[in-house]
Undergrad: 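I'd like to ask you about the structure that follows.
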Amino acid sequence: MPQIPLHYVDLRTFCYATEDEKRVEEALRTFLPDGDDEPFEIERVESEGHYGDRILVLSARVEKADDVRHVLSRLADLESFDDVIDELDERVTENTELFLRLDKQAAFEGDVRLGDGITFRGKVEAYPAKKEKAVENARDVLERLREQD
């Protein structure tokens, strides 16, 4: 895939008090590239739930083209990949962002499925910065990914 029409990809998940932080991090790492010497950096921010329970927000921003390619290649493993392509009008915002919700439990097991738990947000390149152009660019990159499999 020569050019990646995404400026960056943000991945984010929550680790609730009832969850094991290491397992949640492992689920998020399912989508992240392996570091050469050290693992890809994950930012941690503590928050508090409505009833005072601890919530840890784990997030990572992927910006390098090769790293973005890795994240996208993981998305290509989706069984419903064709559905994602068909739904791009609903998944791309007016701010040229592509959104997906990924299944955190499946990711922990190494699988890639749509579901709840992990938010994928990719900033799609679009000149001019219009939704229609972003949908076109996202469709192009996802269709090229599908052809590679």
Undergrad: Check whether His70 reaches the backbone of Leu32 with its side chain - one donor and one acceptor, N or O, closer than 3.5 Å.
TA: yes
Undergrad: Which one of Val68, Leu6, Asp10 satisfies the side chain to side chain contact (heavy atoms under 4.5 Å, CB included) criterion with Val62?
TA: Val68
Undergrad: Write down the atom of Glu43, the atom of Val45, and the distance for their closest heavy-atom approach.
TA: OE2-CG2, 3.5 Å
Undergrad: Are Glu25 and Arg29 close enough for a salt bridge, meaning some N to O gap below 4.0 Å?
TA: yes
Undergrad: Could you list the donor-acceptor pairs under 3.5 angstrom formed between side-chain atoms of residues 93-108 and any protein atom two or more places apart in sequence or on another chain?
TA:
{"from": "Thr93", "atom 1": "OG1", "to": "Asn95", "atom 2": "N", "distance (Å)": "3.1"}
{"from": "Thr93", "atom 1": "OG1", "to": "Glu97", "atom 2": "N", "distance (Å)": "3.2"}
{"from": "Thr96", "atom 1": "OG1", "to": "Lys123", "atom 2": "NZ", "distance (Å)": "3.1"}
{"from": "Thr96", "atom 1": "OG1", "to": "Val124", "atom 2": "O", "distance (Å)": "3.3"}
{"from": "Glu97", "atom 1": "OE2", "to": "Arg121", "atom 2": "NH1", "distance (Å)": "2.8"}
{"from": "Arg101", "atom 1": "NH1", "to": "Thr119", "atom 2": "OG1", "distance (Å)": "2.8"}
{"from": "Asp103", "atom 1": "OD1", "to": "Gln105", "atom 2": "N", "distance (Å)": "2.9"}
{"from": "Asp103", "atom 1": "OD1", "to": "Ala106", "atom 2": "N", "distance (Å)": "2.8"}
{"from": "Lys104", "atom 1": "NZ", "to": "Phe14", "atom 2": "O", "distance (Å)": "2.7"}
{"from": "Lys104", "atom 1": "NZ", "to": "Glu19", "atom 2": "OE1", "distance (Å)": "3.1"}
{"from": "Lys104", "atom 1": "NZ", "to": "Glu19", "atom 2": "OE2", "distance (Å)": "3.0"}
{"from": "Gln105", "atom 1": "NE2", "to": "Glu109", "atom 2": "OE2", "distance (Å)": "3.2"}

Undergrad: Any side-chain heavy atom of Leu88 sitting closer than 4.5 Å to one from Leu142?
TA: yes
Undergrad: Rounded at 0.5 Å granularity, tell me how far CG in Asp86 sits from OG in Ser80.
TA: 10.5 Å
Undergrad: Taking only residues two or more places apart in sequence or in another chain, which ones pass side-chain contact (heavy atoms from CB on, under 4.5 Å) with Glu46?
TA: Arg54, Leu56
Undergrad: Side chains of Leu75 and Phe120: closer than 4.5 Å at any heavy-atom pair?
TA: yes
Undergrad: Less than 4.5 Å apart, side chain to side chain, heavy atoms only: is that true for Val24 and Tyr16?
TA: no
Undergrad: Any idea which heavy atoms bring Val92 and Ala134 closest together, and the distance?
TA: CG1-CB, 3.8 Å
Undergrad: State which residues pass salt bridge (Lys or Arg N to Asp or Glu O under 4.0 Å) with Glu87; sequence neighbours excluded, sorted by chain then number.
TA: Arg91
Undergrad: If you round to the nearest 0.5 Å, how far is CD1 of Ile4 from CG of Asn137?
TA: 11.5 Å
Undergrad: Flag the pair Ile118 / Arg12 as yes when at least one side-chain heavy-atom distance between them is below 4.5 Å, and no otherwise.
TA: no
Undergrad: Does the side chain to side chain contact (heavy atoms under 4.5 Å, CB included) test come out yes or no for Val135 and Glu132, once each step is laid out?
TA: CA-CA 5 Å; Val135 168; Glu132 297 76 28; 5.8 Å; no
Undergrad: With a 6.0 Å cut-off (strictly less than), is the heavy-atom count around CD of Glu41, excluding the residue itself, greater than 12?
TA: no
Undergrad: Under a 4.0 Å N-O cut-off, is there an ion pair linking Glu21 with Arg44?
TA: yes
Undergrad: Above 12 or not: heavy atoms from other molecules or residues under 6.0 Å from CZ of Arg74?
TA: yes
Undergrad: Where do Ser73 and Leu145 come nearest, in terms of heavy atoms and distance?
TA: CA-CD2, 3.9 Å
Undergrad: Measuring from atom CZ of Arg61 to atom CD1 of Ile42, what distance do you get when rounded to the nearest 0.5 angstrom?
TA: 15.0 Å
Undergrad: What do the steps show when you test Arg23 against Glu26 for salt bridge (charged side-chain N to carboxylate O under 4.0 Å, His left out), and what is the final call?
TA: CA-CA 5 Å; Arg23 291 172 63 113; Glu26 192 174 326; over 6 Å; no
Undergrad: According to a hydrophobic-cluster definition based on side-chain heavy atoms being under 4.5 Å apart (Ile, Leu, Val, Met, Phe, Trp, Tyr only), do Ile55 and Leu58 belong together?
TA: no
Undergrad: Evaluate the side-chain proximity of Arg146 to Ile85: yes if any heavy-atom separation is below 4.5 Å, no if none is.
TA: yes
